[in-house]
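What you see is a predicted model, and the numbers here were worked out from it, not measured in a lab.
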Amino acid sequence: MKKSVFVTRVIPEAGLNLLRDRFHVSVSQQPAPIERKDLIQGAGKADALVCLLSDRIDQALLDQVNQLKIIANYAVGYNNIDIRAAQEKGVMVTNTPGVLTNATAELAFALMITLTRRIMTSDRYTRQGRFIGWDPLLFLGDELAGKTMGIVGMGRIGQSLAEKCRAFGMSVIYHNRRRLDEKTENHLSAVYCSFDELLTRADVISIHAPLTEETRYLFNRSVFERMKTGTYLINTARGELIDETALTEALASGRLKGAGLDVYEREPAVTEELMAMDNVVLLPHIGSATVETRSAMAVMAARNVIAALEGRVPENLVPEMAGMF
């Protein structure tokens with residue numbers, strides 16, 4: 001009898017086809033995050049679960065499943081999964097690291113240049129028929145060359161962004177839990193500094209840190225008050241890294257010159273005040289949204305499932321489970 005796989009959302013066919021070649025595959029057709037009851041029902045009948053960051057896989061759910069062997073998260077992050085509960089149940093957890101590095105770094109860069117050159121407001125102005133000719137003072141923005149990029153979280157995505165910033169003539173400083181080795185720092189021309197020093201030196205700050213209890217609301221009112229006035233803030237990591245109430249205050253006061261967000265504190269809800277601000281660019285969590293990346297993520301998730309259900313240890317088992325299987 002074929003083993004079964006439940007997928008909580010339609011993902012690219014490249015991954016689904018790999019699974020269908022070997023297993024019985026059920027895919028939720030809901031256009032929004034799956035309802036809790038449907039998630040529990042689907043996972044309860046499956047040997048493998050392919051889920052998204054929006055799916056909460058907690059102790060209560062895991063207590064209601066018996067045959068599940070693997071939870072394959074269709075994302076790099078996996079803070080939606082109770083890892084300890086999965087460990088206790090002997091359920092493998094995997095993610096999709098590396099594959100979305102360039103796409104997310106590109107989007108962070110796109111948010112930065114969109115803000116600094118006022119592209120969104122200029123586009124609206126033109127579409128409204130208000131453009132009557134070239135004007136020396138019309139929509140003056142900021143050039144990136146000569147500015148300092150401060151990267152918080154210097155993993156794969158942060159490093160990819162650093163390379164792009166250097167190509168545009170920016171200086172790069174960074175803060176990370178662990179300092180990079182000298183060879184990598186030299187390759188990136190990146191200078192390590194404390195978090196407080198980064199706040200006072202950076203013209204643009206881009207967040208690429210994981211969401212943990214230590215980093216939740218890392219950017220709060222106190223942090224915004226310590227920033228250099230006129231800084232731009234970019235977040236393509238996790239919404240709960242920023243206190244959005246404090247963010248709106250910093251933007252309204254001019255402490256921050258602009259913000260580019262792809263993720264939100266209470267996603268998919270967006271703080272209402274942000275929606276009305278012209279110095280904010282808001283995107284619907286599309287950091288990895290390229291054909292190449294989303295397809296590669298689907299293939300990686302599928303291969304993780306295949307390995308687990310065929311009795312092998314998946315290549316992308318999360319670090320907390322190293323040596324368990």
message: Would Thr121 and Asn279 count as a side-chain contact (heavy atoms from CB on, under 4.5 Å) here? Give the steps.
response: CA-CA 8 Å; Thr121 49; Asn279 58 341; over 6 Å; no
- prompt: So Arg221 and Glu249, side-chain contact (heavy atoms from CB on, under 4.5 Å) or not? Walk me through it.
  reply: CA-CA 8 Å; Arg221 184 173 289 106; Glu249 294 170 357; 2.8 Å; yes
- request: Would you sort out whether His187 and Glu163 count as a side-chain hydrogen bond (donor to acceptor under 3.5 Å, both in side chains), showing the intermediate values?
  value: CA-CA 9 Å; His187 170 73; Glu163 292 181 322; 2.9 Å; yes
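The distance from the CZ atom of Phe219 to the CE atom of Met227 is 5.0 Å, given to the nearest 0.5 Å. The CG atom of Leu53 sits 6.0 Å away from atom NE2 of His285, with the distance rounded to the nearest 0.5 Å. For the atom pair Leu61 CG and Lys89 NZ, the distance stands at 9.5 Å (nearest 0.5 Å). Here Tyr74 contributes atom OH and Met297 contributes atom CE; the two are 4.5 Å apart, rounded to the nearest 0.5 Å. In this structure, Ile40 CD1 and Gln64 CD are separated by 4.5 Å, a value rounded to the nearest 0.5 Å. Rounding to the nearest 0.5 Å gives a distance of 7.5 Å between CG of Asn73 and OG1 of Thr94.
A pairwise comparison of heavy atoms in Gln67 and Ser4 identifies NE2-OG, 3.9 Å as the closest pair. Looking at every heavy atom in both residues, Val7 comes nearest to Leu16 through CG2-CD2, 4.1 Å.
A 6.0 Å sphere centred on CD of Glu182 holds no more than 12 heavy atoms belonging to other residues, nucleotides or ligands. Within a 6.0 Å radius of CD in Glu272, other residues, nucleotides and ligands contribute 12 heavy atoms or fewer. The neighbour count for Arg178 CZ, taken as heavy atoms of other residues, nucleotides or ligands under 6.0 Å away, does not exceed 12. For Arg216, the CZ atom is densely surrounded, since the number of other residues' heavy atoms within 6.0 Å is greater than 12.
Donor-acceptor pairing under 3.5 Å is recorded for the side chains of Glu214 and Thr212. For the residue pair Thr271/Arg266, the side-chain donor-acceptor check at 3.5 Å is satisfied. Using modelled atom types and a 3.5 Å distance limit, the side chains of Arg226 and Thr200 yield no donor-acceptor pair. Between the side chains of Tyr174 and Gln159, no donor N or O sits under 3.5 Å from an acceptor N or O.
Annotation: salt bridge (Lys or Arg N to Asp or Glu O under 4.0 Å) contacts of Glu244 (sequence neighbours excluded): none.
Ring pair Phe195/His175 is tilted by interplanar angle, where 30° to 60° counts as tilted.
A single hydrophobic cluster is seen to contain both Ile205 and Leu282, as judged by linkage of ILVMFWY side chains at heavy-atom distances under 4.5 Å, directly or through other members.
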